[in-house]
Amino acid sequence: MAKTTRTVARKPRAQPKPRAARKVDPVVTEIVRNGVIAVTEEMKTNLMRTAYNIIIYEALDFTTGLFTPRGETISIGIGLPMFIRGMAETVKAKIKHFGAGNIRPGDIYVTNDSYLTGSHLNHVTLTLPIFHKGTLVAFSCCMAHWLDIGGILGGMSTDIFSEGLQIPILKYQDRGAVNATVVDIIRQNVRLPSRAMGDLRAQVTAVKTGERRFLELIERYGRDAVLNSIAAIMDHAEAMARARTRTIPDGVYEAESYMDDDGIDIGQKVPIRVRVVVAGDEMTVDLSEVSKQVRGFYNSGVTTGHACAQVAYKCLTSPTDYPINDGSFRSLKTIVPPGRVVSAVRPAPMRWWMTYPMTIVDTIFKALAPAIPGRVIAGHHADLLASSFHGINNRTSEFFIGSFGPLGGGWGAKMAEDGVSGTVCINDGDTHNSPNEQAEFKFPIVVERYALVPDSGGAGRRRGGLGVERVVRARTNMVVNNQSERAHCRPWGLNGGLDGTGNAVELRIGGQWKSDFPNAKVLVAQLRPGDAFKIRSGGGGGYGNPLERPIEQVRDDVRQGYVTVKSAAELYGVVLDPQTFEVDAAATEKLRAARRSGDGAAADAKSA
Amino acid sequence: MDLPLKVFERQDRCAIKRLFDAMHELRYGTSAPDEPAEIVSLRSTVTGVMRKPPQERVARGRSAPDKAAFTGRRPVYLDGKFRPTPTYARAALTAGNCISGPALIEEHAATTVLLPGDRLEVDACGHLMIKVAGGR
């Protein structure tokens with residue numbers, strides 16, 4: 001077993017081996033490349049088909065993957081980009097916990113340890129060792145978000161114990177026999193246990209699917225051919241990432257942003273400072289100056305700190321190089337000392353782990369903007385805006401926990417294109433929102449409004465994407481929680497582009513809208529039938545001077561309802577007839593000339 | 001999941017659930033025999049001989065197409081030079097009409113090119129039966 005481990009998953013630097021010595025047929029390698037992608041995709045499909053909760057089968061809040069016997073990522077089916085590191089590190093922790101000698105065919109390991117996965121307790125992670133004729137050849141692994149894992153229902157948590165059941169690394173299944181004790185303990189500790197059991201079985205389905213299909217690949221092409229191909233794919237991914245890193249000018253790049261607050265010390269900004277060092281074909285991302293862990297539940301574990309850097313690095317160097325594998329990250333170093341908001345230590349609260357890391361990814365792009373202006377993106381809304389609501393359904397008398405999944409919002413503009421509108425944030429980039437109709441069918445609510453928000457995208461030569469607004473009316477007594485960030489630290493523009501709008505939440509109680517919240521967080525708000533909550537995602541930052549945006553594009557934006565006539569004049573210097581949307585060319589030329597020569601309206605708007 | 005007719009006739013719901021669990025186990029590696037299931041879609045296949053659908057036929061005409069079918073001439077590049085070539089509206093052709101190439105038969109979404117020597121006859125259903133020059 002140990003011998004295979006060395007052959008398959010060595011680190012090329014630790015044990016260099018001449019490339020020529022490894023016999024790999026390039027045709028088989030490409031078949032295996034697509035084969036492992038197909039395996040992790042089918043794991044996703046079967047998980048979706050068998051899961052019991054909308055957050056898995058509609059929102060796709062999960063990640064599946066194949067790993068080497070040493071726990072390195074071969075292929076990941078996402079799910080959550082920000083889980084790119086958490087799963088591999090969880091597999092490694094399980095290997096270490098049991099020891100290589102105690103990993104046996106028919107085993108399935110489980111844990112939801114937040115400080116291992118780097119995320120929250122809802123992320124139950126199952127791992128199955130794959131054996132071929134008695135030899136460990138890989139692991140298949142599946143993380144999925146459970147709707148409930150116990151702990152307080154809504155509100156703010158201040159330590160891990162209030163967040164629910166903690167499952168240490170255990171054998172859910174030992175040589176084929178299910179550990180009934182573990183199952184009983186889980187059943188007793190979660191709300192909606194029968195649904196949780198359905199999701200647990202769906203995860204077993206996912207890891208078994210990975211096992212079956214990976215073994216078919218080995219049966220068909222031979223064990224050595226498949227394993228050597230995987231090593232070659234990872235080496236290739238490394239070479240691609242290094243080649244792209246070399247095109248970034250050497251230097252030290254820094255940027256700063258902040259989170260609104262930690263949900264407890266309202267108004268107390270949480271600083272996010274990143275430092276990126278590029279030297280030749282290697283990059284170092286230093287998160288030492290990111291804020292210390294906070295009292296509210298916005299912390300995440302160290303694997304997520306590393307994932308922040310890896311997600312940014314993958315976007316910048318090899319976004320379309322598949323499968324997503326650990327070869328791509330050999331040229332990236334990350335410095336994440338313990339005790340930061342993205343490397344929190346026990347017993348820090350972690351329930352809303354997913355929010356801060358997105359802003360770190362954006363800040364890494366911001367740092368690199370001077371070096372590679374054509375390859376970065378302005379700031380995005382950077383939040384799930386995944387309000388949840390619970391109560392007793394008045395028709396069925398059953399307890400429910402409702403959610404639409406992520407709302408989506410505006411993304412930043414790039415040098416060559418406008419930002420996208422109404423699209424899910426980067427932490428959960430491959431998850432979906434749920435259809436309004438389905439949520440209305442499942443939960444006692446009515447969606448009154450769901451629309452793009454005009455003028456939310458930051459103005460620029462390239463305009464930021466638009467945010468989205470959803471108004472949800474309660475049809476029964478319910479409790480609403482919305483934990484959003486970035487109301488104040490708005491998605492920033494780049495190179496003269498203006499900021500987008502921030503995220504926001506409002507409540508309608510007894511017919512009166514209340515919108516003067518100090519941030520975008522509303523915890524434990526009580527709604528009665530007819531009351532409503534509104535969540536509005538921010539728009540993306542713009543790119544370049546708005547006065548340089550082609551006049552026809554501004555006119556089209558106004559026609560589409562993306563930009564108002566007022567903003568077209570104030571921000572873009574384009575004068576339009578409010579009825580016909582015809583451009584007044586003379587007035588536009590005059591206004592743009594005046595703006596350029598320094599009446600400074602655009603510059604003021606930017607610094608606002 | 002296939003539902004044997006016998007199980008259906010017996011209205012044996014437990015047997016249906018057992019079949020479902022077995023299929024779930026086979027396909028996904030897990031099943032939930034203790035949980036109730038809901039039938040959300042039921043498909044049936046019935047085998048038998050269907051009555052043939054009626055065939056659309058076009059009106060019978062003479063060998064020469066009606067004047068209305070002839071729509072003019074257009075220059076068409078044939079055998080190395082442009083030649084004035086007659087055009088016909090397909091919708092106005094009737095069964096039995098014969099046309100010798102070169103000619104263009106035009107319709108809303110297609111044009112049929114009749115090369116020199118090709119010979120076309122419209123059959124009872126309006127199909128253009130073309131004997132290609134040099135063909136057997």
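None of these values were measured; they are calculated from a predicted model. Just so it is clear: chains get the letters A, B, ... in the order the sequence lines come, proteins before strands, and each one is counted from 1.
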Could you list each N or O donor-acceptor pair linking chain B to chain A at a distance under 3.5 Å?
{"residue": "B:Tyr28", "atom": "O", "partner": "A:Thr205", "partner atom": "OG1", "Å": "2.9"}
{"residue": "B:Gly29", "atom": "O", "partner": "A:Lys208", "partner atom": "NZ", "Å": "3.0"}
{"residue": "B:Thr30", "atom": "OG1", "partner": "A:Thr205", "partner atom": "OG1", "Å": "2.8"}
{"residue": "B:Glu35", "atom": "OE1", "partner": "A:Tyr52", "partner atom": "OH", "Å": "3.2"}
{"residue": "B:Glu35", "atom": "OE2", "partner": "A:Arg201", "partner atom": "NH2", "Å": "2.9"}

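More than 12 heavy atoms of other residues, nucleotides or ligands shown are found within 6.0 angstrom of CE on B:Met1. Counting heavy atoms of neighbouring residues, nucleotides and ligands inside a 6.0 Å radius, atom CZ of A:Phe399 exceeds 12 of them.
Remark: B:Asp2 engages no residue in a salt bridge (charged side-chain N to carboxylate O under 4.0 Å, His left out) (not counting sequence neighbours). Every residue meeting the side chain to side chain contact (heavy atoms under 4.5 Å, CB included) condition with B:Thr111, not counting sequence neighbours, appears here in chain and number order: B:Leu104, B:Glu106.
Residue pairs meeting the ring pair (Phe, Tyr, Trp, His ring centres under 6.0 Å) criterion with at least one member in residues 74-109 of chain B, sequence neighbours excluded, are B:Phe70-B:Tyr88, B:Tyr77-B:Phe82.
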